[in-house]
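Okay, structure first, notes after.
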Amino acid sequence: MARSHRDQVFETLFLADAVLALPAMAAALVLGGRASGTERRLRRWLYITAALVAARLVVACVILSGGMVLADSRLLVQVPLAVLPVAWAVWKPGRTAAHVGVSGVLLSVWWLFVPFGPQDTVYVLIGSVAALAMIAGLSTGLGRWRRSGSRVSRMPWLSAAFLLVPALALVLGSQANAVPGGHHHSAAGEVSVDQLTGPRDREPDLRLTLTAARKTVRLASGRTVDALTFNGVSPGPEIRARRGQLVEVTLVNTDVEEGVTVHWHGVDVSNAEDGVPGVTQNAVRPGERHVYRFVPNRAGTFWYHTHRDALDSVERGLFGALIVEDTRETAFDGIERTLFTHQWPAGDSSALAFGRDDRPTRYTADAGRPVLLRLINSSAEPRRIRIGGTRFTVAAIDGNAIQGAEPVGPGTDLLLAAGGRYDITFTMPDGPVTLDYSGNQGSAALAFSPDGKAKPADLSDGSLFDPLTYGSGALSAPDSYDRTYDLRLDDGFGFSQDGFGFVSSLINGRLYPAVPTLEVTEGDQVRVRIANRGVNDHPLHLHGHRVRVLSRGGEPATGSPWWTDTLNIAPGEVFEITFTADNPGIWMDHCHNFEHAANGMIMHLAYTGVSSPYSADDMPD
């Protein structure tokens, strides 16, 4: 996926730090082997190690240009652990100084690849300094002991002592990320999520059934997918309701062994209707059914999808569009299409498509008619959509209308977060209009033209649409907040799914279920600062609420109020958001790249006094 220039810069910086750390570690290990050799050989490897450590310091200082939140763990712990001992060894070369320098570099690299949260900084620093002091003492003592000629003294005591640090860190990390027995996402409360339901005292205005079943789906190219469908089709049937209507949906599971739920993405339903297994309900097993009741309170483009085994089940087809129309508005008198950007698992590869169109597709659109395209990203990655052939207006983001929206030029690209939506409008010109994926080389592209015969045009990447400055009517930030939270998103090694491995999924150094719950009380005004310090995009989605973007990278939002429910946070980006705690319950807050969520990038927003009777063993992703 094409990125903005800033994203590319910080992604490069984070990668550069990791790349420099590896040769620094290798040089330090060689230095450790030369610590008892001649001073000339010792100095050579000291200088090499020092140069690599100095380069890491420079990179960390450049990262600081994006804000202290991006660089704090590097500048407070990682780099000092390497710089100070190595500087001492360069200033006063010797066996003990070299051993301490080696240990400092190795600890620095360790904490780069095993990230910790701000809550652990003091403990990590104290433990690391204590480890270096222990190494210094052992080095001095072993030097004297070995002069006695004892064979036992020749054993690798220093290496064993140093390995105590990562071993202890692994033990503590495994305990911190262990699933507590009877974990119910919150302390006992007087209100259960089962009581927070949609209306039960009147007849629904719209009643329908969604039946989940296995079926083979054929894409436009002829490729087939071993799919999961709603009512025999994927994407599932488009649901249309009006704002304020009571909607009743009965979910029936025919033969989806993994189990099924339905989450109403972007609709602020009552908590019991949210469709999250293990939090608001149990997964619906084959032969079972479940009834959802909710009243959408905002018009716009939304969608629904399963939240059980979503990494596999959404990719295979358990999703569909939910369009909520405003009761005060007349029906749109023009050409309207809902377009999913989706990546299908087709055989041994994957197929990028608009809906099921995985090849160039032509549509007829009469010149002079208004066109409304509802774009929904149901795939795991953010998608950069290229639009050429006409000026267009971004009318809404995630179902939220844009104030003061003005047309942007043809060639403007849209970055669509995983799970996010854009409504775009334009008047059909005499010539063709093309939609394509950035870097897709036209394998899945759409062409609208008056005669329906035009092929999709070749498009190059254009300028990137920026919601931060688009439109008018920006709101000032609240004067005060009842709750304030900081979230740091990192890549690194951690304990996930009963194993230890590299994941792009850490929140404040923790993985689900060890990520602390954000606690609020109804009526609270909440501010959250989120910093992405890894090399992957993270589209964060808060259930049950919409949030307003206050700033990005310290730059205040100056366009239309940017309301969203799925915010893509690219490498190096720091967002400040706010929301009002006005929908009691226990809500998921997670990365909508379901692979990241499955690895542990999940937390919860819990209202005081609310509890859940469901078990965390029924993991949602």
With heavy-atom distances below 4.5 Å as the criterion, would you say the side chains of Ser504 and Asn599 are in contact? no

Are the side chains of Arg383 and Leu375 in contact, using a 4.5 Å heavy-atom criterion? no

Which distance, rounded to the nearest 0.5 Å, do you find between the CG of Leu550 and the CD of Glu555? 13.0 Å

For the pair Met25 and Phe113, evaluate side chain to side chain contact (heavy atoms under 4.5 Å, CB included) and give the outcome as yes or no after the intermediate values. CA-CA 12 Å; Met25 179 178 66; Phe113 290 110; over 6 Å; no

Spell out, as yes or no, whether a donor-acceptor pair under 3.5 Å connects the side chain of Ser128 to the backbone of Val124. yes

Ser65 side chain to Val62 main-chain N or O, any donor-acceptor pair under 3.5 Å? yes

Approximate separation, where rounding is to 0.5 Å, of Thr121 OG1 and Asp72 CG: 6.5 Å

Begin with the C-alpha distance, continue with both residues' side-chain angles, and end with the deciding distance and a verdict on side chain to side chain contact (heavy atoms under 4.5 Å, CB included) for Val574 and Arg552. CA-CA 6 Å; Val574 181; Arg552 182 189 61 213; over 6 Å; no

Drop me the distance from Cys591's SG to Leu489's CG, to the nearest 0.5 angstrom. 8.0 Å

For Tyr470 together with Phe465, are the ring centres under 6.0 Å from each other? yes

For Gln8, does its backbone N or O pair with a side-chain atom of Thr12 as donor and acceptor, under 3.5 Å? yes

Full working for side chain to side chain contact (heavy atoms under 4.5 Å, CB included) between Asp398 and Trp563: CA-CA 8 Å; Asp398 290 351; Trp563 294 98; over 6 Å; no

Criterion ring pair (Phe, Tyr, Trp, His ring centres under 6.0 Å) on His265 and His307, from CA distance to verdict: CA-CA 10 Å; His265 189 115; His307 234 303; 8.3 Å; no

Is it the case that over 12 heavy atoms from other parts of the model lie below 6.0 angstrom from the OH atom of Tyr123? no

Audit row: Asp565, Arg421, salt bridge (charged side-chain N to carboxylate O under 4.0 Å, His left out) steps and yes/no: CA-CA 10 Å; Asp565 56 64; Arg421 290 90 64 210; 2.9 Å; yes

Quick one: do Asp413 and Arg384 make a salt bridge, cutoff under 4.0 Å? yes

Can you name the nearest heavy-atom pair linking Leu132 to Pro85, along with the distance? CD1-CG, 4.0 Å

Working to the nearest 0.5 angstrom, can you tell me the gap between Leu76 CG and Gln78 CD? 10.0 Å

State whether the side chain of Trp303 and the backbone N or O of Ile376 hold a donor-acceptor pair below 3.5 Å, judged by distance alone. no

side-chain hydrogen bond (donor to acceptor under 3.5 Å, both in side chains) with Ser350: of His342, Glu315, Gln343, only one passes, and it is Gln343

Please lay out, stage by stage, how Arg527 and Ile577 fare under the test side chain to side chain contact (heavy atoms under 4.5 Å, CB included). CA-CA 6 Å; Arg527 170 191 168 276; Ile577 62 172; over 6 Å; no

Arg529 CZ to Asp486 CG distance, which is reported to the nearest 0.5 Å: 4.0 Å

Closest non-hydrogen atom pair between Ala21 and Val109, with its separation: O-CG2, 3.5 Å

Has Asn377 got a side-chain atom pairing as donor or acceptor with Ala417's backbone, closer than 3.5 angstrom? yes

Between Arg548 and Trp562, is there a donor-acceptor pair closer than 3.5 Å when you use the side chain of the first and the backbone of the second? no

In the structure I gave you, are the side-chain heavy atoms of Ile507 and Arg488 within less than 4.5 Å of one another anywhere? no

I'd like to know if the side chain of Ser313 reaches the main chain of Ala310, judged simply by a donor and an acceptor atom lying under 3.5 Å from each other, with no hydrogens or angles considered. no

Student check: side-chain heavy atoms of His596 and Phe594 closer than 4.5 Å: no

Could you tell me whether the side chain of Tyr485 and the main chain of Ile530 form a donor-acceptor pair under 3.5 Å? no

Test item: Asp312 and Asp309 side chains (from C-beta on) under 4.5 Å apart, heavy atoms: yes

Which heavy atom of Phe354 sits nearest to which heavy atom of Ala445, and what is that distance? CE1-CA, 4.1 Å

Among His263, His538, His543, His305, find the one that has a ring-ring contact (aromatic ring centres under 6.0 Å, His included) with His592. His305

For the pair Asp17 and Arg56, evaluate salt bridge (charged side-chain N to carboxylate O under 4.0 Å, His left out) and give the outcome as yes or no after the intermediate values. CA-CA 6 Å; Asp17 190 27; Arg56 285 199 65 201; 2.7 Å; yes

Can you tell me if CG on Asp466 sees more than 12 non-hydrogen neighbours from other groups inside 6.0 Å? yes

Quickly, which of Ile63, Leu112, Asn532 forms a side-chain contact (heavy atoms from CB on, under 4.5 Å) with Phe14? Name it, please. Ile63

If only side-chain N and O atoms count, and only distance matters, is there a donor-acceptor pair under 3.5 Å linking Ser73 with Trp111? no

Considering all heavy atoms, the nearest Asn568-Phe575 contact: O-CE1, 3.7 Å

Working note: His545 + Trp587, criterion ring pair (Phe, Tyr, Trp, His ring centres under 6.0 Å); need CA distance, chi angles, decisive distance, verdict. CA-CA 9 Å; His545 304 74; Trp587 301 96; 5.7 Å; yes

Are any side-chain N or O atoms of Thr564 and backbone N or O atoms of Thr566, one a donor and one an acceptor, separated by less than 3.5 Å? yes

For a salt bridge (charged side-chain N to carboxylate O under 4.0 Å, His left out) check, start with the C-alpha distance between Asp490 and Arg533, then their side-chain angles and the critical distance, and finish with the verdict. CA-CA 5 Å; Asp490 285 301; Arg533 310 192 301 187; 3.0 Å; yes

CH2 of Trp344 to OG of Ser379, rounded to nearest 0.5 Å, is 11.0 Å

Measure the shortest side-chain to side-chain distance between Asn508 and Pro516 over non-hydrogen atoms and say whether it is less than 4.5 angstrom. no

Within the 4.5 Å heavy-atom criterion, are His541 and Asp589 side-chain neighbours or not? no

Flag side-chain contact, heavy atom, 4.5 Å: Val547 against Thr578: no

Please give me the minimum heavy-atom distance between Asp358 and Ala351, naming the atom from each residue. OD2-CB, 4.2 Å

